[in-house]
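Because the structure is predicted, anything quoted here is derived from the model rather than measured.
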Amino acid sequence: MSGDVLVFEGVDVVYGAQQAAARARLTRGASREELRAAGYVVAVEGASLRVQRGEICVLMGQSGSGKSSLLRCANGLTPVTRGRVLVRDGDHEVDVTGCDPRRLRALRRRRIAMVFQHFALMPWRSVRDNVAFGLELQGVPRDEREGRVRDMLALVGLGEWARAYPHELSGGMQQRVGLARAYATDADILLMDEPFSALDPLTRLRLQDELLALQRTVPRTIVFVTHDVAEALKMGSRVAILDAGRIVQVGTPEDIALRPATTYVREFAAGLNPLAVLRAASVMRPVALRPGVPLVVDGQRIALDAAGRPGPGVRTIGADALLRDVVAARAAADESLVVVGDDGCIVGLIDEREILQALIRGGSAAQLRASSEP
């Protein structure tokens, strides 16, 4: 599995009685139509996907595309008719489809946590006790449990609501409790099944931002289900698009927006705002640094350390910043932006020319997609 913590290998999910007969039909090459005629429903068909440690991998598709069914294969909530689902457990990998009930319960307690669309909080438990529930199942001692719960509630901004009950909270606050409960378990993998779709638009946007901030503070491997393309491209390190149970494209948000693989994907991506999709790394003008040689930007010499990091006072922006943030930063200061990677080293420059080219490129891609449709 190398750097992968979750792997789906040729997963088929067929709903209906007599699963052995369904597997036999799949082995013989039965089509979706043949299975339907035999009384089965094909939810997932031949899905293969590798989820890397620390990424947010989004499963996106229309209702009925199989995204939630595939997600729930990861913790055994959806039985797999054929294929394998491998979960990294320390130095070993476990096939969820074949492990015994005891091992599956252990995975759910220690390795995989879930955040549900409708919060799934226990109304008779306080906020504090809801967050502590997974830790209780793990057998975490009380003092340690209380400390972790206190830390997580502070992290999601609910420290003052520890003694409240779910009915006393807004929808957004309830979902924060769900996030705190999942993160408190210290699980490697978080499964999020349309976690924000039940919320109003403003609260949804706010929680998206808060989850991304939380991911930077407490990194986890997240599989995130949504039917909203804007949410998918905002949240995902990579996006897997499902159509009628099949994964039809996997790629970065920019891949999906600018290089859709099928008509179905083009329909999802049509009309997307490049400001919300493109990132500084794909917009910038790369620079080649030479040891000991200052970088000249807008006629000014920028001293660099041995690794290529600029000194204090240089206006920089991260390579993963969205184009809208690039535009705002450029508008706030009449100078080129210095783009830096995660290590703080300079990787490129952005001025008006790069911004305009990116807007034209993004707009042209959207127009091309629209004009190609009958």
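- T221 contributes atom OG1, which lies 9.5 Å from atom CD of Q52 (distance to the nearest 0.5 angstrom).
- Using a cut-off of 4.0 Å between Lys/Arg side-chain N and Asp/Glu carboxylate O, R23 and D12 are scored as not salt-bridged.
- At a cut-off of 3.5 Å, with distance as the only test, no side-chain donor of E194 or T226 sits close to an acceptor on the other residue.
- Using a 4.5 Å cut-off between side-chain heavy atoms of Ile, Leu, Val, Met, Phe, Trp and Tyr, with links allowed through other members, L70 and L35 fall into different hydrophobic clusters.
- Residue E45 is tested with R36, R82, R246 for a salt bridge (Lys or Arg N to Asp or Glu O under 4.0 Å); the sole match is R246.
- For the side chain to side chain donor-acceptor pair (under 3.5 Å) test with D186, the passing option among R148, R110, Q138, R220 is R220; the others fail.
- Distance alone, capped at 3.5 Å, is enough to place a donor-acceptor pair between the Y40 side chain and the A17 backbone.
- Between the side chains of Y15 and S69, at least one donor N or O sits under 3.5 Å from an acceptor N or O.
- A salt bridge does not link D343 to R309: none of the charged side-chain nitrogens sits closer than 4.0 Å to a carboxylate oxygen.
- A donor-acceptor pair shorter than 3.5 Å can be found between the side chains of S282 and E254.
- Salt-bridge check for R279 with D320: failed, with every basic side-chain N at 4.0 Å or more from each acidic carboxylate O.
- A side-chain donor-acceptor contact under 3.5 Å links D228 to the backbone of E231.
- No donor-acceptor distance shorter than 3.5 angstrom exists from the side chain of D4 to the backbone of L6, with no hydrogens or angles considered.
- Between D351 and R285, at least one side-chain N (NZ, or NE/NH1/NH2) sits under 4.0 Å from a carboxylate O, which counts as a salt bridge.
- Using a 4.0 Å cut-off between charged nitrogen and carboxylate oxygen, E34 and R25 do not count as a salt-bridge pair.
- I355 is listed as a side-chain neighbour of V327, based on a closest heavy-atom distance under 4.5 Å.
- Other residues, nucleotides and ligands place more than 12 heavy atoms under 6.0 Å from the CD atom of E136.
- Remark: E146 engages R142 in a salt bridge, criterion side-chain N to carboxylate O under 4.0 Å.
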